[in-house]
Chemist: 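One structure, pasted below without further comment.
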Number of protein chains: 2
Amino acid sequence: MENNKKVIECVPNFSEGRDRAVMEAILEPFRTTPEVKLLDYSNDEDHNRMVVTLVGEPQAVKTAVIAAAKIAVAKIDLNKHEGQHPRMGAVDVIPFIPIRNVSLEEAVELSKEVGKVIGEEVGVPVFLYEKSATTPDRENLAKIRKGEFEGMAEKIKDPAWRPDFGPAERHATAGTVAVGARMPLVAYNVNLNTSDLSIADAIAKKVRFIGGGLRFCKAMGVELTDRHITQVSMNLTDYTKTSVYRAHELIRIEARRYGVEIVGAEIVGLVPLAALVDTAEYYLGLENFSIDQVLETRMME
Amino acid sequence: MENNKKVIECVPNFSEGRDRAVMEAILEPFRTTPEVKLLDYSNDEDHNRMVVTLVGEPQAVKTAVIAAAKIAVAKIDLNKHEGQHPRMGAVDVIPFIPIRNVSLEEAVELSKEVGKVIGEEVGVPVFLYEKSATTPDRENLAKIRKGEFEGMAEKIKDPAWRPDFGPAERHATAGTVAVGARMPLVAYNVNLNTSDLSIADAIAKKVRFIGGGLRFCKAMGVELTDRHITQVSMNLTDYTKTSVYRAHELIRIEARRYGVEIVGAEIVGLVPLAALVDTAEYYLGLENFSIDQVLETRMME
């Protein structure tokens, strides 16, 4: 009896972090749609933004997020919105993240289905981004969002910024939205027994993609001043291809050059079970292990 | 938003492995009781026995297992039962296993509640066993069951075998039942690059409890003849105290004496997520990691 249920995660960002009634209205579909589970939400008053995390069966998540987007579009007027976080729409960005029995390609497909509905039925222009992007220029959210709500009125008229779905004109109050798919991110930090930030920085540069290191690794050196140590702080943007253990062991190898050792590590925030399974498989040399052998996976709805 | 839900596992064994209608009747409460999930069941015609695995909220599991026990008592007549597996009752043994947010003590308490109902309301004598045992003699199921259904008619009259709950007399058709609590078992095997079984045996003897090794470790040497290697095959009976990684590394240390190396490992069957988390924490040196950071734990019902 394996659990073959498909699970996708969605982390929509809404441009409202102050008005409790509006936030609650937006959350409603996530609380009530069958086969959708609201995992977390956090609002920031300075950012005037709410970030929601939900998981569930892909079509159910699609239904819930479209319902929430409609509510946000109806209740949020970007002309009156101010906050520290850049934003271009009432629902600003909708990333889909494959979690279980879902491929990245399926997540891309789902993002396009959602984009099509928001563009054509809700009437808000949609830019597909990250893995769903239709041009390389649109992979990076910051590039799409540059100019924000205010600048989008003109930017969208440029043929290079014609939206992927919906009207080629900024929605008067709800702006535009980026919809896309990406792998889950693993925030992984490795501590070094040196207080010399230049060493942590040098190691970070060697393990990260742009320095010639691991393809799905972003990294930088960080000082943990209280503890008089430093840290290589990483984002692993595809743990299925750049494993946690590989980043860890590569840092160990580079650290030797400086006579430095790893003295600890941390995972910040959530981590997919598969990343832990991968770690155990590597260090124990497990053969033929399946994630379905983890008892808790049998208990997931 | 942590998931604080209590989850207990129960693996009741029923003395019916041939009659599909009886087996289905017994399974019914596990399929229909809210907050109970039937994970697996397997019947063996030679053993004439069915082993069921269910998980769920402790009180719901209690309700379901009592309902199933009543059905088994009504439908199974041990006087007509024959099979290769030793048995003393229609429902032969009911172990409770803490999985999540449940202590072993709570599992013991639950086993006693279930035992009391089966003894006093269903009328089948109950022996508490394993961690629920009221005397050291009753910790071992095989000792309780010795003599089986047939021998129990006399055995139960011995004051040393007075049941913990219910009548001091064998139930005429349903015999007796053992109810108890134990930790989940992790079946963990480590492969060695030697075909010499005496080496695997010697290592097994050093790492296991009875040889002076790890307290919650049973071990023996096994030949993998197809692969021309050997294996230390272990049962870790409390992975929270005898960690998978500790058993693994201790075998590595002992193997050195023979110039032998570990060339792989396997986990047989199910493993609690906490055992994998423990493994990753050790090898990566994770600080302040919580099992609640595993995304999938948020999705459990």
Chemist: Any idea which of G264(B), G285(B), A265(B) has the most non-hydrogen atom pairs under 4.5 angstrom with chain A?
Modeler: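 The candidate making the most pairs under 4.5 Å is A265(B).
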Chemist: Where does N189(B) contact chain A at under 4.5 Å (heavy atoms): side chain, backbone, both or neither?
Modeler: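 Neither part.
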Chemist: Can you tell me which portion of Y188(B) sits under 4.5 Å from chain A's heavy atoms? Options are side chain, backbone, both or neither.
Modeler: side chain
Chemist: Check whether Q293(A) reaches the backbone of V271(B) with its side chain - one donor and one acceptor, N or O, closer than 3.5 Å.
Modeler: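 Side chain of Q293(A) to backbone of V271(B), a donor-acceptor pair under 3.5 Å: no, none is there.
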Chemist: Of the backbone (N, CA, C, O) and the side chain (C-beta and beyond), which part of E249(B) lies under 4.5 Å from a heavy atom of chain A, both, or neither?
Modeler: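 Interface part for E249(B): neither.
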Chemist: Going by heavy atoms in the side chains, are L295(B) and L273(A) under 4.5 Å from each other?
Modeler: no
Chemist: Does K62(A) have more than 12 heavy atoms from other residues, nucleotides or ligands lying within 6.0 Å of its NZ?
Modeler: yes
Chemist: Is it true that atom NZ of K206(A) has more than 12 heavy atoms of other residues, nucleotides or ligands lying nearer than 6.0 Å?
Modeler: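 Yes, enclosed.
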Chemist: Need one label for V190(B): side chain, backbone, both or neither, based on atoms under 4.5 Å from any heavy atom in chain A.
Modeler: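 Looking at V190(B), nothing touches chain A.
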Chemist: Where the side chain of E266(B) meets the backbone of L286(A), is there a donor-acceptor pair that is under 3.5 Å apart?
Modeler: no
Chemist: Check whether any side-chain heavy atom of E296(B) sits under 4.5 Å from a side-chain heavy atom of I99(A), and report yes or no.
Modeler: yes
Chemist: If we only count heavy atoms from C-beta on, is the R298(A) to L270(B) side-chain gap below 4.5 Å?
Modeler: yes
Chemist: Name the region of E281(A), side chain, backbone, both or neither, that has any atom closer than 4.5 Å to a heavy atom of chain B.
Modeler: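 For E281(A), no heavy atom lies under 4.5 Å from chain B.
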Chemist: Given heavy-atom pairs under 4.5 angstrom as the criterion, report whether the side chain, backbone, both or neither of N191(A) touches chain B.
Modeler: side chain
Chemist: Calculate, to the nearest 0.5 Å, the distance between atoms OG1 and CG belonging to T279(B) and L276(A) respectively.
Modeler: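 Result: 9.5 Å between the selected atoms.
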Chemist: Going from CG on L284(B) to CD1 on I262(A), what distance comes out if it is rounded to the nearest 0.5 angstrom?
Modeler: 9.0 Å
Chemist: Tell me, for F289(B) versus chain A, whether the close heavy atoms (under 4.5 Å) come from the side chain, the backbone, both or neither.
Modeler: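 Just the side chain, heavy atoms under 4.5 Å.
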Chemist: Is R227(A) paired with E287(B) through a side-chain N to carboxylate O contact shorter than 4.0 Å?
Modeler: yes
